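These values consider heavy atoms only, across backbone and side chains, with no hydrogens, waters or symmetry-generated copies. Heads up: numbering here begins at 1 and tracks the sequence. Note that the structure is predicted; figures quoted are calculated from it, not measured.
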Amino acid sequence: MKTYRWWILRIRSIATPMVIRRYWVMILVTVALFSVVGVARMIIAGGNIDQNLRIDDDIFYLASLLLFAHLFIVAIRRASGICIVQEHRDGADSVVDTNESNVSGYASASPISKAMWLWMNPLLSKGSRAPLTLDEVPALPPVYRAQEMAQLFETNWGESGKKVKYALIRCFWKDIALTAFLAMVRLAVMFVGPSLIHSFVKFASGDRSNLSEGYFLVLTLLVAKLVEVLSSHQFNFQTQKLGMLIRSTLITALYKKGLRLSFSSRQAHGVGQIVNYMAVDCQQLSDMMPQMHSLWLMPLQLGVSLVLLYAYVGGAMLVSVFAIASMIALTFLIALRNIKYQVNLMMNRDSRMKTTNELLNNIRVIKLQAWEEHFSKQIQNLRRKEYEWISKLMYAIAYNLSMIWSIPVVIAALIFVAAIFMHIPLEAGTVFTITTILKILQEPVKTFPQTLMSIYQGMISLKRLDGYLTSYELQTKTVEREEACGDGLAVEIIGGTFSWEDEGEEQILKDINFQIKKGRLSAIVGTVGSGKSSLLAAVLGELHKSSGKVRVCGNTAYVSQTSWIQNATIQENILFGSKMDKKRYSDVLRACSLEKDLEIFEFGDQTEIGERGINLSGGQKQRIQLARAVYQDCDIYLLDDVFSAVDALTGTKIFKECVRGALKGKTILLVSHQVDFLHNADLIMVMHDGKIVQSGKYEELLKSGMDFRALVAANETSVGIVEMSTNQYELQSNSPHPITPKSPQNLSGKKNANGENRSFSEQSNADNGNSKLIEDEKREIGQVSLGVYKQYCTMAYGWWGIGAVVISSLLWQLSLMKSDYWLAETSTTHTFNPSLFIEVYAIIGVISCILVGLRMFLQTFIGLKTAQSFFDQMLESVLHAPMSFFDTTPSGRILTRASNDQFNVDVLIPFFLSQTVAMYFTVIGILFIIIQNAWPAAFLIFPLIWLNFWYRRYYLSTSRELSRLDSITKAPIIHQFSETISGVMTIRGFGKQDKFFQENFDRVNSNLRMDFHNNASNVWLGFRLEMIGSFVLCAATMFMVLLPSTIRKPEYVGLSLSYGLPLNGVLFWAIFLSCFVENRMVSVERIKQFTAIPSEAPWKNPNFVPSSDWPNHGDIVVSNLHVRYRWNTPLVLKGISLSIHGGERIGVVGRTGSGKSTLIQVFFRLVEPSAGNIIIDGIDISNLGLHDLRSRFGIIPQEPVLLEGTVRSNIDPIGLYSDDEIWKSLQRCQLKDVVAAKPEKLDASVADCGDNWSVGQRQLLCLGRVLLKRSKILFMDEATASVDSQTDAVIQKIIHEDFADCTIITIAHRIPTVIDCDRVLVVNDGLVKEFDKPSKLLERPSLFGALVQEYSNRSSGL
């Protein structure tokens, strides 16, 4: 049954501003008085009227009376003619999808509405009343949405030989043809105006009895201007729309490719570079569209200009040919040099952005290691190189434009010299026709370098995109996928040889053979780097298969070793696009031990997770990942070391309730270092050096080989120590009066959760009523404040710099006007002196050239200094920001300011701000000359000025907000792109590519609708302003036709027309450029926000510098320590007091939410205490500079972080140690053989995030850093969670030997890691519950004793 909805259009008119209405009333009174006087004079004088002086004025006023009478009525009624169209739906209970109901008016607009952009009126009206919000901007027409563009591109991609250029041409050839036609029409009518100047001057100086000739000339001018305005703005809109569609097409194509890339292709391009393809190259091709036709239009435009010049000055035109050819050759050479500058600029900007991205992704580790200054110098050095190329480019552009602005004066002087030499008469009409044609000639010469540069950049971008879009993809046929296999198998690999490289040169897995039955639990074990994670990747089809057969029966779920969490709510991360089933959802939370975590989150599962899960602990991220997998209800589960980040109790519970409970009957491949769980495996595969060296059940393997026995022996050694302690504890705990229950559940308290280090639960409490950790981006409302303009303009040299630019612009405009006045005055004099004429004109021309050069130099010099000042301030502010800022601010927001906004401040704002000032002086000059020679035009020009500024204000209120919304909606595209590339293996493992494609479509559409309507609003304004300007020009021309020669001289008609013809364009560009600058000033506004971030404590405190050997003992005293993350959140540490002697090894244990990690963060002052203090070797650490403090400590963090570069740059980022010292460090951390086996040795590459090293190897490299640093105090936060027991034992031995006299504070879930510490600290609910020697704690019933017993019994009953 169809549902009918009735729509009612409610139209309401906007009132005309009061100032204009008052003006119309006064002008009517004035015109009426003149009309009355004129009529009275005609009646009294009868036939004796002086026809030469009076009759034209009287006719003008009588004719004007009707026009101003109409405007008087409009003023009384207040209606402006601009209407708001409101759609009202009949029926309150009608339900319409918001996105579909609010579609752009362009989709259903009539041809007239599209031609005049009437469909934009409702949006502009809405924006003029109140700042636009995101939901108020209409959706794109369906035909222009990202889904349609993606399908169109995919259809044409294969047929175009897989070349981006040909694919885009096949997709958009109709749009390209339409814009070419509009360009031709515009070119055809452009020269009509200059051609009419000579006719107008001839008419004005000759017999004026036949006024119809003058009317015909005015009508011809009007029609030509109207066609020019319509074609030029349609050309602008259509090319901008084409650029937008190309950007949309390419972004979606790049995103789809990103989800199909092989591992080696992903490593070859890198996450940062792939994001650059989307952010920079797609924008480059989009920006190229308006200039695409300039290259072939330029010869046509030059040809028409030269033909017209020949028609007026004959052979003298040849001089201009030589001059123009020389000028084009020179601009071509400059353009080639500019291209070189631009290429180098792009390369250096890419390098800076890559380093900035790495800084933001690893900011926690960088702060812990006190590397901010190192990264700051790195970024500043890259910026210095970038700044050098920006300077070269901007000065070259300034020089080029100075030369181009001088073209009319220089070539006109040469033509005049040649004409005088050839005895060609120079009449006023001829002179001003020549100067007007030469001004038109400026345009192609001016745009030529930019066109070349843009096209060259576009070709580079096309080449880069070709390289990316034709990169090697994962072969879908690598794995044979079946719904169900009849032989009862779930996973099978026969004779498999695999490589991470596409060519299969370095084989990572060799001779792989195994079969896994449906519903069985299979475990994969081995030492660090043996190929366990690679085996799971082979099952998923992520590796290049050199030989063999892989068969997977059923759908898969994958939980990676390195957690991948989306910036979304906990619920959205778990559902992962699936429908909500409340019972299943509840069961999953319970099975993954997340229920108690949700209890302590203020907003439960609606709490938002920060970017990259930065505000979650390792265990929480791992369990949310696991819950995501379990909820999908797949057939086969690939679990990569899911127990490494959780404590013994939580691990046991997850194994029982999840692996053997919720996933019972599922096929599971489990990579684990937890030997205790292996008794329960149906099949165990032991890996060594990329091969399965043993396989079978637990007991079989113990008897059959050394590799598995060695792993088990290492575990039993550590467990044996624990069990010895446990026996002692059990004797004590069975006493009649136990102090605490056996079970350590009490540790978690009423509202604490299972598992691991506190992080998110401590930080998630935000303001009441707001579950968002990541707040919406701050957005200014209304017009850009004068304070922003003032700060920008006075940043470098105060008001002196601005005054110099303004004065030089004014003097330049006056010199241009003086040269044209000189032409008018001398071209009709009876005593024409050729030498004087040329000398004076040449002198004025030289002065003009010097002034324009001075103006361009000043604007460039001041603009560059200002841009660098803003960059330095922003970098300083971000590096000094506290960790809480990075926890709540997505990196995309910072990156857009460091790239797009900084580019605006570097290049666009200084250039266009100066052009705006010059353009307004040009407008004033034009209006002055028109009024001087057609004084009745003043009655139209003053309303014209008011109308232009009114339109500007009306348009700008919408355009400004659209620009802000465009910036805000651009960042999520970059963020999702980066997030997707980082988690592509997980996305493909679940087969969720379509879900992410749709998310990408939605974000692209959200951004492009801002771009589409912003472009439309620009041409809406331009069309109206140029139309009004054209009518005013023709009206002024009519006055010049009607006014007698006794009032105005014929030669000044030529002067007025040469200035008046570009009036409509100049007026529009003056208004448009001022709006463009205001929209770009939003970038200054946004950067300004990030120059005032509340700072953490100073890096250096000159009043309190510790001695070079501090801390020399390692004594620590913590007194009454209270800590909260923010002023409005609860206390996390509630009065901790303890004393640690130098050289002691302290183990820290406790449940999630207990405050273990917070305690370490306070030592490094990532979080400042609310009360209490920490004294180390007699110094209160709150008195120290942060770098003096952090640089003296060593830390191995829970998540091993490697920076892109080499092994050397990761072990020793600052370059303080010799190669011998680095090799010794690698030997101690068990990596010397691995690194030595690589051809590059210490220069062996480390990919982005260390992706080409296993997680265990990354942790060992982090250990190598600490061994090299040899700090007196060492903090270890789950430092060995991702290594096997055998490697763990070796690491613990190394630490004992190398840090024998150091104070070591260790957080660990493995009880063997802390059982032999000097003392153990048990933390619960922010309080110290126990702090004593392990042996003493085990002599009596205790919380620690319960943990020990739990660990020793963890595998029983599983």
Side-chain angles (χ1 to χ4, degrees), residues 257-274 467-468 470-479 493 495-512 514 524 526-550 552 556 558 560-562 564 638 640-641 669 671 685 687-692 980-989 1200 1202 1204-1207 1210 1231 1233-1235 1237-1240 1243-1261 1282:
K257 183 69 178 184
L259 281 171
R260 296 170 180 166
L261 283 180
S262 67
F263 175 82
S264 60
S265 295
R266 202 163 63 247
Q267 290 299 320
H269 293 282
V271 176
Q273 192 59 49
I274 293 172
Y468 174 73
T470 54
S471 295
Y472 198 87
E473 296 182 3
L474 279 183
Q475 297 300 307
T476 53
K477 295 181 180 178
T478 298
V479 177
I493 298 182
T497 303
F498 302 91
S499 169
W500 284 110
E501 303 298 323
D502 295 328
E503 291 77 20
E505 294 174 359
E506 186 182 347
Q507 295 176 348
I508 194 76
L509 297 176
K510 302 174 280 288
D511 302 325
I512 303 297
F514 68 83
I524 304 168
T527 55
V528 171
S530 58
K532 303 182 294 298
S533 297
S534 298
L535 186 60
L536 294 187
V539 174
L540 288 171
E542 292 287 331
L543 299 187
H544 173 79
K545 185 178 70 176
S546 302
S547 63
K549 173 185 175 183
V550 182
V552 174
T556 56
Y558 172 63
S560 60
Q561 186 176 13
T562 305
W564 179 73
L638 310 177
D640 195 351
D641 202 13
L669 273 74
V671 171
M685 290 178 280
M687 298 202 68
H688 179 75
D689 196 24
K691 294 181 179 180
I692 299 175
T980 301
I981 299 298
S982 301
V984 67
M985 195 166 164
T986 298
I987 296 167
R988 292 195 292 226
L1202 297 187
E1204 187 173 1
T1206 63
V1207 172
N1210 270 276
L1231 280 178
D1233 293 340
V1234 175
V1235 176
K1238 294 183 180 291
E1240 306 91 347
D1243 293 320
S1245 70
V1246 176
D1248 190 25
C1249 301
D1251 283 347
N1252 57 338
W1253 296 73
S1254 74
V1255 177
Q1257 288 171 330
R1258 290 180 226 168
Q1259 278 194 321
L1260 293 176
L1261 277 170
S1282 297

Spacing of [atom1] belonging to [X] relative to [atom2] belonging to [Y], to within rounding of 0.5 Å:
| X | Y | atom1 | atom2 | value |
| --- | --- | --- | --- | --- |
| L543 | E501 | CG | CD | 10.5 Å |
| D641 | Q561 | CG | CD | 5.0 Å |
| I981 | K257 | CD1 | NZ | 11.5 Å |
| D640 | S534 | CG | OG | 9.5 Å |
| K1238 | S1245 | NZ | OG | 7.0 Å |

Could you check if a side-chain atom of [X] sits within less than 4.5 angstrom of a side-chain atom of [Y], using non-hydrogen atoms only?
| X | Y | result |
| --- | --- | --- |
| T562 | R1258 | yes |
| V479 | L540 | no |
| L535 | F498 | no |
| E542 | L474 | yes |
| L509 | M687 | yes |
| V539 | F514 | yes |
| I274 | L261 | yes |

> Could you go step by step and tell me if I524 and L536 meet the side chain to side chain contact (heavy atoms under 4.5 Å, CB included) rule?
Replying inline: CA-CA 9 Å; I524 304 168; L536 294 187; 3.9 Å; yes
Taking all atoms of both residues into account, what is the closest heavy-atom pair of [X] and [Y], and its distance?
| X | Y | answer |
| --- | --- | --- |
| S265 | S262 | OG-OG, 3.1 Å |
| D511 | T497 | N-OG1, 4.0 Å |
| G258 | R988 | O-NH1, 4.4 Å |
| K545 | K477 | NZ-O, 4.4 Å |
| I512 | G690 | CD1-O, 3.8 Å |
| S560 | T986 | OG-OG1, 4.1 Å |

>> Counting only heavy atoms from other residues, nucleotides and ligands, does the tally under 6.0 Å from NZ of K510 exceed 12?
In response: yes
> Taking only residues two or more places apart in sequence, or in another chain, which ones meet F263 in a ring pair (Phe, Tyr, Trp, His ring centres under 6.0 Å)?
Replying inline: W500
>> Could you check whether any side-chain N or O of T556 sits under 3.5 Å from a backbone N or O of G989, counting only pairs where one atom can act as donor and the other as acceptor?
In response: yes
>> Does T1206 form a side chain to side chain contact (heavy atoms under 4.5 Å, CB included) with E1240? I'd like the steps, not just the answer.
In response: CA-CA 9 Å; T1206 63; E1240 306 91 347; over 6 Å; no
